[in-house]
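Here's the structure we're looking at; comments come further down.
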Amino acid sequence: MNAAKMRYSGWALLREGLAGQTGWSPAWHDRDPAPRYDVVIIGGGGHGLATAYYLARTHGITNVAVLEKGWIGGGNTGRNTTIIRSNYFYPESAALYDLSVRLYEGLSRELNYNIMFSQRGMIEVAHSEAELEMMCRGANAMRINGVDIEILDRDEVLRLAPLLNGDLNCRWPVLGGMIQRRAGVARHDAVAWGYARAADSRGVHIIQNCEVTGFEIERGRVVAIETSRGRIAADRFGMAVAGHSSVLAGMAGFALPLQSYTLQAMVSEPVKPCLEVVVASSSHGAYVSQSDKGELVMGGNLDRCPSYAQRGNFPVTQSVVSSLVEMFPSFATLKLMRQWGGIVDTSPDNSPILGPSPVEGLYLNCGWGTGGFKAIPAGGTLFAHILATGRHHPISAPFDLARFASGATIDEAHAGVAH
Amino acid sequence: MQHFPCPWCGNRAEVEFRYAGDAGVQRPTRTADDAAWAQYVHFRRNAKGAAKELWVHSGGCGRWFALSRDTVTHTITGSEPVA
Amino acid sequence: MIPSRRMEQGGAIDRAQRLRFTFDGEAYEGHAGDTVASALLANGVRIVGRSFKYHRPRGIYTAGPEEPSAILDLRLGNRHDPNARATLEPLADGMELRSIHANGTAENDRLGFLDRIARFIPAAFYYKTFMWPNWMAYEHRIRALAGLGRVDLSSRATSAAHRHVQADVCVVGAGPAGLAAALAASTRGKRVMLVEAQGELGGTVLYREAMIDGMPGADWARQAERVLRDRGVEILRRSTALALYDHNVLSIVQKDVAASANDERLWLVRAGRMVVATGAIERPLLFANNDRPGIMLADAALLYTRRYAVKVGNACVVATGNDSAYEVALALRQAGSDVHLIDSRPERDIDPSLAGSMRAAGIKLVPATLVEGAGGHRSVEAVALSNGQRIVSDVVVHSGGWTPSLHLYCHAKGKPSWDAVTGSYRPGSAVAGVDVVGAAAGLWDLDAMLRNATEIGGGKAGEAPSSGTGVRQWTAPTPLPAGKSGKRIWVDLQNDVTIADIKLAVRENFSAVEHLKRYTTIGMGTDQGKTSNVNALAVLAASSGREVAGLGTTTFRPPFVPVSMATIAGSERGELQVPIRRLPAENIHRQEGACFREYGGALRPAWYGADADAIARECIAARGNAVVFDASSLGKIEVIGPQAAALLDFVYYTPMASLAVGRARYGLTLGEAGIVADDGVVLRLAPNHFVVSCSSSHVAWMAAQHEAWRQDRFDLAQVFIHDATAHWATIAISGPASKRIVGELGLGVDLDDARFPHMSVATGRFAGRPARIARVSFTGERGYEIAVPATLGAPLWQKARAAGATPLGIEALGVLRAEKGYIYVGQDTDGETLPHDLGMGGPRAKRQDAYVGDRSLFTPAASKPNRKRLVGILVEGKAPIPVGAHGIELKDGRRRSLGYVTSSYWSAALGHPIALGLIEGGLERASAAIELEHLGQRFTGRLVPPCFLDPKGERLNG
């Protein structure tokens, strides 16, 4: 029961404008769960919806359900600071995140949904010679990995972000930086909605307000799940439930190498365009971009203690804000308008976990930490491959859960690259 | 802006403390297999709700203690010294 | 000149004080006590801005923090606020105000035509177009149309330090309920705090008629204030609660703070109990063109009339479905306006005495009728009623009911519940430590509020103040428009969201509350939906055939009102953002001409002198004569007690228990994942007394690591850790002449090489105080490290200088240690480096006992032959390879990284550049030649053992 959709375009808007905008059909339908699917994806965030889309598009598997305990895109997909980049140190990570950036580049047209991917470039600012040297180490790795990275001198950084504090006598002067020009920001909600619409039109069932309450496991294999809307059976189950990965794993009887923390994000009141690039500083532990609506979108380090509260505390808010007004002194008169928190599942090496779980038939897409949004198209592509074939994609293989026992971790956190 | 009850110093602001993992974890010996060792080094209970956590009063007395804390509501239900 | 709409008498303004200000270049005058909004209204200014999307003319709509439209650029002296809310800003003399979003002025906006193409750009239209060729082709134009005010490039605002206070009870809001709660709470010897957004206590009783304890409400509030002050209650005026955090910590922004450069201060109050008495916010009515200038909320009109003596209009229409607007109608009538009162309720549902008093005052009451639409473009000119009548009017004030302000309660994770009778949310689930009183609790009868608040405050109901001002139906669900007029009805004025937009979203299945909000942007402006959220829910429910109760609420995200980033930063500015650590003898280094840089959070001399050869000169001095180096920031962690040796043996990868008294040993520490965490020298001063000398930037971590394992595995009475780093100043003297120089310091230690060989430690005296002297080397030369009490660092340095040692900065030290292949952990190691990667595999091979990280050294990955290992790298020519260059190989036609250069210098001693690096396979690679790449440049290098000078270590005794 594929649901045909009216194609979105400027012409369609004009036509509908004359007709009172009454001809639009639902972006996706709310389905009731069927008793059985080929594949059930737990989690209706960006990764889950993208996985369903690629299962249908790439692998022709359309008897798929995406279960969402609340509303789609309501977890970290709708709470992050929308940065997309692939400036990672290790080749394994670069392959993964650069696949994602490449998919993002064509995503609006592919989905026929404007996700507003703005490749405005992202600068990481260096405040010391030592930091510049570390950046060169990273930049060279990225260039060898095929990622577009340039090292910028101080003048160039200040030219691209003229409101940065140019005082050489400040606490952390701008000495240079590193830019990925293909990096940028996108409209986070639209990514979820665009994938949902495209998946729905290919027959995927999107089921909101459907919470998983238990796993039915027979001889080490999951055969069905219990949900708030009844039992659902499937050949394979994938979980993409950032913020609740350990909870679901616990339900299925295993533990994960994850710890959940609050990550705050905040926006200022909207102002006219004043920042054309994304700017991050690891010394300051803060990053900022300006949304198309004009708000400064800001974030920083994790809150201090494990939490599922989706609620940030003041010390981290203060540290993010003070960092940004030190970096951009003229931001001091702007007002903070809104602040919120998401739950991020951090892994020991700050790299995601993709692949089989200890329970047969249940597969993992988790541990993205603070960086899941940028990976949605790649995460979806790879997870769809895993769920369709039962085997790893070459790009996902290094991210298997087994790496923690074998010692083959991919430690991006200690590679000198800021997250 | 949580207040944690240090067993020695009483209620103090969360900024004085550092989280140090699950309470009550036993360190395996050298004979542990790769999986058991990885469980110890990398895996976490990561409980949603009632949790028993190891904290250190790093900005105060420096002592380690076990804190019973709800990770959803942030309600504290007790703290005790670790052996 | 009396402004045209200012009434001759009344109000709480000081008519003696005239304040001049400008708006969009025009000069106006107001009075002390005015807000910017009241002064603009008094001057008859109608259009104060343009709407965000359609650039429709907009006027002042409210009198509080919920204002969606009157947002202005404000300048006053050094102060600049690009998005000031006119309704919250007290007027000041000399204020320059400008509209912010118009292209031109608010009156004449060149973008006003956008409203005429509105039908083609409904909510969320941008998701459906701008895809070809890509979004960036359109984005800059769209962005230029968005945003409110402009950042002032020259602004450098700062704020006062935060105040942290504790209270037993903190009452937020000093309306009648808040005052009653504070009065009850303060009788019991408790520390009580009262927080009020306005400059005066009383809330609504300052401008609404109410008798309390037999006196007018405003008098009662003044009396209450005196009582509270006498009882020591701390009263914060002009202070708005922003957010309620975990464990009952409330953030508050206080205005008019003289001690603060931006007039603001942030308070953080931790209270045993929070009493939320934040009142309620009036909801608009929904009718066509309900956004026209001259249309405002009824309560705001009352406030402007009574507090600011503004005659808001000549022909007023008051539209409502509840009793609260009746007093407004009366006040407008008393101000001399012609008043029509349009009530959606039938006559039988209206309190006859209320209706009677209206009619007696000459107000034309029209029951059972809705306002369907407003006429006029730049200002409202008339309204059309559902009974077909058209009323000419220059002002329409309206009340759709009241919405309790539950922001703080919701910040604390309270779950509000829907009250269908009043058509709004009220507190639902109980939240420990948080009580909600008054209108915020959904109470509308003054006596009920006072009784309840008194009880919540800890008093008995009988002690409550009493009013007798009865209210029958203060609030009611917002009546929804019935007909399909085809005209647009605004729900969110700031973000230009209409009922049609909500219906479009529902049609497209964006009907979850959060989806609706995000898709249409309703409630996401600077007012955060204070006037629009509940109306949006009502329209959503009606459009999707559901009950509001089943929709769920949107999340109230802090802060309650936008707050200046300078105020949030507080004192975390400049050097105080992250304070830098300094050496005890910093002044001496300054006198020596040191160039300072920050290393790992400490400010240290990089080199001495301004000449280009400084570093090379220092290197030559070290190898040829002697240098003196301030090593005070190096760790000095004392480990003391019978189990000290056992603890160090566990914490260190390198065994330490076998160290003899009076000797020193270099060693590595690992994390439990086996990764090298620090290196340093351990000194054994006595059988039970060790000193751990770790890297400067790892001191805190190392002290914590020792303390952690001490408490985990050892008898606390048998071993003790003390980080004594800050107590000591340490200078290192190194070079062939160092023995002579140290001898001249007169430390009283026998320096004879036989009795004091390399890696020895002894205690002597300097200036009558203990001095610890260790024979260790960072340079590969004979070296001595002398630690004295911190205050003696400067004299010790001066004495070493007098004896002929040359000052050595960190940069030259980096060269000297690299010549020897001595690593810097964190620079020459990374997040994968295991000890055997550094050529220190001995303990891994030999130790059988437990130590931190032990098992991690034997995973499959730890035993792979092609791990990255420490090597030396030599290149031809005079130019050092840049740090961060990667070794590369071609594999399957692609370049692949083999590792990278971690340290690289010109070696003056050797006359060629040297480098250290981590390279796959290390010296066991098949070929010593390696291709290197740096930002497109290519180099050819040769891998050599990571020691370039004196591999046998003979210079240590030279």
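Below, read A as the first sequence line, B as the second, and so on, with proteins coming before strands; counting in each chain starts at 1.
Both the backbone and the side chain of C:Y851 come within contact range of chain B, judged by heavy atoms closer than 4.5 Å. Contact of C:N248 with chain B is not made at all, since no heavy-atom distance falls under 4.5 Å. For C:I721, no part lies under 4.5 angstrom from a heavy atom of chain B. For C:R710, no part sits under 4.5 Å from any heavy atom of chain B, backbone or side chain. Contacts between C:A708 and chain B at a heavy-atom distance below 4.5 Å involve backbone atoms as well as side-chain atoms.
For the atom pair CZ of C:R270 and CG of B:N11, the computed distance is 8.0 Å after rounding to the nearest 0.5 Å.
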Verify side chain to side chain donor-acceptor pair (under 3.5 Å) between C:E672 and B:Y40, making sure each step is shown before the conclusion.
CA-CA 9 Å; C:E672 278 285 53; B:Y40 160 69; 2.3 Å; yes

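Using non-hydrogen atoms only and a strict 4.5 Å limit, the part of residues 19-27 of chain B facing chain C consists of B:R27. Chain C is approached within less than 4.5 Å, heavy atom to heavy atom, by B:G62, B:R63 from residues 50-63 of chain B, ordered by number.
Residues C:Q166 and B:H3 come closest through the heavy atom pair NE2-CE1, 4.3 Å. Heavy-atom minimum distance, B:T73 versus C:D246: O-OD1, 4.3 Å.
Taking the side chain as every heavy atom from C-beta outward, B:F65 and C:Q711 never approach each other to under 4.5 Å. Between C:V249 and B:Q2 there is no side-chain heavy-atom pair separated by less than 4.5 Å.
Look at B:D34 and C:R855 and you find a salt bridge, because one of the NZ, NE, NH1 or NH2 atoms lies within 4.0 Å of a carboxylate O, short of that distance.
With hydrogens and angles disregarded, no donor-acceptor distance shorter than 3.5 Å links the side chain of B:R30 to the backbone of C:A850.
Annotation: maximal heavy-atom pairing with chain B below 4.5 Å, among C:G671, C:S856, C:P860, occurs at C:S856.
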